[in-house]
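Side chains are part of it too, since the values below use all heavy atoms of this structure and drop only hydrogens, waters and symmetry mates. Order of the sequence lines fixes the chain letters, A, B, ..., with proteins taken first and strands second; residue numbering starts at 1 for each chain.
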Amino acid sequence: MTPRARFSPSPTGPFHVGGARTALFNWLFARHEGGAFLLRNEDTDRARSSDHWLEGILDGLRWLGMDWDEEIMRQSERSEEHLAAARQLVEGGQAYWCDCTREAIEARKGPGGGYDGFCRDRGLGPGDDRAIRFAVPREGATTVTDVLRGTPTFENATIDDFVIVRRGDAPMFVLANVVDDEFQRITHVIRGEEHLSTTPKYLLIRRALGLGTDPAFAHLPLIVNERREKLSKRRDKVQLLSYRDEGYLPEALRNYLALLGWAPREGEEIATLETMVEQFRLEDVSRSPAMFDVKKLNHFNGHYIRELGAGEFAAAARPFVEPAVERFDPELFTQVAPLAQTRVDRLADVPELLGFLFSDRVEFDEASWEKGIAKNEWSADVLRDAAAAYVEAAWETEALKDTTVAIGERHGLKLGKAQAPIRVAVTGRTGAPRLCGSLAALGRETTLQRVNGALERI
RNA sequence: GCCCCCAUGGUGUAGCGGUUAGCACGCGAGCCUUUCACGCUCGUAGGGAGAGUUCGAGUCUCUCUGGGGGUACCA
């Protein structure tokens, strides 16, 4: 039987990096096994779900390079099937109608307690203000067979009778899950560890429904923050597409995400999609929570940025630079983009680096001004000298270098030192692309303007 | 409270009873260098605690401790 995995997000918010990782592992598994990767839109929470969020999820999947098989299943269109299953359970005495309110339950059991089975034997029929609960066997235990975690076993007595259909004929998550996994003939349920403790409920429903062979489960380790808590949308930066907006490359993010709980068998962490597909095995996935480490992500992104061809890099960076500068010049940008390629980890950092070439004035970074100009009493002399020498100099990188070396020699300075005040005068900062190439790109007129401007500022 | 999961340097991991505990990120130093980067080299730091099994344990068992997840008429 060919394996069939699924990613089943609920479209109730921006696509989450944790969801992306789950999708990726499902996808890698399916592709490695030559199986199917299916998508299911779990929109049973009608109040919170929207197609807008679904679009974001699909966008994110495509961006990361994942494709899917067959048509996307929309869970809300299958409520008839879910309700039929619930009806079957009620008829079989494995589920029952319940009219208890939250308040009534708390009044009986005190706050925080679970459901007490009050309605189990009351023989209630259907009603608009009634829900259907699953009658969990009072005896026995339910064992989950998990590829990663062995056989966690849950005493049935510790599981409360849970709701499978809400008031108003709205099927709940576990029920819909069981019915739809069966319908889609899912063989492998690969999802986050937060679902492990609801899995016995899933299994209990399957048994009660008389379904055949259970799917295999793999509960992936959670992705946590620096405080070791599950990534939360309130505290942590979890929106997948916000990474795209900051200039992370999909191959970098995808590679990094794959490493959260998994490592290629042989050595290299930097791996192509093909390699990952080839090497991915579910049983190699780690069990312990993994922290989302932006520093490492940045390193990966920098690596992939450097792997781009010059033209590719310019094309990728352009959308970040164009809107961020005063007057964008596409030709000039193509010419100078390589100056930035080894200097950034994120494309969104390019404008800060090259902005001086596309602006009418220099924005001085004060720390740079201090270090490059104010601190050294000879700065003014060098700048005056430069202002004179650059009037006559041939305007081309190599010639400019010779000219600048000569300026330094006249003041007893090596190029490395002599260029510092000039760099700050022209770019506003101390760490920047190579000076002479930058001057060549900037042009004689602007260069002179800025050198003189700095002289006035001293 | 109850249930379940997890535990190798700061972080992500390799190891599957015998290794000087490997790799990557980070951090530090050096080299390279037109500053800053990139790149390269070296360094830094580790199996939560305690019992047991064994000739031998990060690897197997148990207890404890710590962390996390779940416990909704959310998914």
- Any N/O donor-acceptor pair, A/R149 side-chain to B/C5 base, under 3.5 Å: no
- Using a heavy-atom cut-off of under 4.0 Å over every strand shown, decide if A/T12 touches base, sugar-phosphate, or nothing. nothing
- Determine the contact category for A/R167: base if any of its heavy atoms lies under 4.0 Å from a base atom, sugar-phosphate if only primed atoms, P, OP1 or OP2 are that close, otherwise nothing. base
- Centres of the A/Y256 and A/H303 rings: under 6.0 Å? no
- Report the distance from atom CG of A/L231 to atom P of B/G69, rounded to the nearest whole Å. 11 Å
- Is there a side-chain polar atom (N or O) of A/R227 under 4.0 Å from OP1 or OP2 of B/G68? no
- Task: Give one of base, sugar-phosphate or nothing for A/F173, where a contact means two heavy atoms less than 4.0 Å apart.
- Result: base
- By a strict heavy-atom criterion of less than 4.0 Å, which residues belonging to residues 401-421 of chain A are in contact with RNA chain B? A/K401, A/L415, A/Q419
- Using the ring of A/F25 (Phe, Tyr or Trp, six-membered ring only), decide whether A/R21 places NZ or CZ under 6.0 Å from its centre and within 45 degrees of its axis. yes
- Item | OP1 or OP2 of B/G70 under 4.0 Å from side-chain N/O of A/K230 | yes
- Message: At 4.0 Å (heavy atoms only), tell me whether A/R287 reaches a base, stays on the sugar-phosphate, or touches nothing.
- Response: sugar-phosphate
- Message: So, under a plain 3.5 Å distance rule, would you say the side chain of A/S10 forms a donor-acceptor pair with the base of B/A75?
- Response: no
- Identify the heavy atoms of A/A23 and A/L61 that sit nearest to each other, and give their distance. CB-CD2, 3.6 Å
- Query: Closer than 4.0 Å, any side-chain N/O of A/R265 to the OP1 or OP2 of B/A14?
  - Reply: no
- Quiz item: A/R343 side-chain donor-acceptor pair to B/U35 base, under 3.5 Å: yes
- Considering Watson-Crick and G-U wobble pairs with both distances under 3.5 Å, what does B/U19 pair with? none
- Which of residues 131-146 of chain A sit near RNA chain B, with a heavy atom under 4.0 Å from it? A/A131, A/R133
